[in-house]
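Below is one structure, written out as structure tokens, with a few remarks after it.
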Amino acid sequence: MKEAAIPRIGLVALVSAAALVATIHSASAQTVMREADIVDLRVGQRVLVDDGSCPAGQIKQVIGARLSQNGVVRTQSCVPRLAKK
């Protein structure tokens, strides 16, 4: 009975690791210089726009908020810049 439990634990660990990697990858944001450069924004996707429209130390974040009949609705906000320019 112990032999069957070991592969299950390995499988659970593998699936958990894959889910963690997918979450980290989807959480990372792409950076563009103009909002017009965002062509195909998906729901939940975050894109940082470095167009100078936010105060010093901040950068514009555009998020695909929800799906409407006309496509993905975007929301914009200024967020702290985490890395030096």
Side-chain angles (χ1 to χ4, degrees):
M1 201 174 243
K2 289 183 180 180
E3 292 176 15
I6 294 171
R8 286 185 188 167
I9 292 172
L11 180 62
V12 169
L14 180 64
V15 170
S16 298
L20 179 63
V21 169
T23 302
I24 291 170
H25 179 68
S26 66
S28 63
Q30 174 187 2
T31 303
V32 295
M33 297 303 291
R34 299 176 305 156
E35 193 170 347
D37 294 339
I38 305 171
V39 180
D40 189 24
L41 188 67
R42 296 182 307 269
V43 175
Q45 182 180 4
R46 299 170 187 266
V47 178
L48 300 176
V49 181
D50 193 6
D51 62 359
S53 62
C54 290
Q58 295 187 345
I59 191 167
K60 184 193 306 182
Q61 177 177 257
V62 178
I63 301 174
R66 60 184 167 80
L67 192 58
S68 72
Q69 291 179 347
N70 298 326
V72 177
V73 176
R74 299 176 177 197
T75 60
Q76 303 171 2
S77 60
C78 292
V79 296
R81 184 184 297 270
L82 299 178
K84 288 190 174 186
K85 189 174 179 182

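Just so we're clear, the structure is a prediction, and the values are computed from it rather than from any experiment.
Side-chain contact check for D37 versus V47: every heavy-atom pair is 4.5 Å or farther apart.
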Return all side-chain donor-acceptor pairs below 3.5 angstrom for residues 51-60, not counting sequence neighbours, or 'none' if the list is empty.
from	atom 1	to	atom 2	distance (Å)
D51	OD1	S53	N	3.1
D51	OD1	S53	OG	2.7
D51	OD2	K60	NZ	3.0
K60	NZ	E35	OE1	3.1

Side chains of residues 61-74: which donor-acceptor pairs under 3.5 Å do they make with residues two or more places apart or in other chains?
from	atom 1	to	atom 2	distance (Å)
S68	OG	N70	N	3.2
S68	OG	G71	O	3.0
R74	NH2	I38	O	3.1

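R81 CZ to D50 CG: the interatomic distance, rounded to the nearest 0.5 Å, is 4.5 Å.
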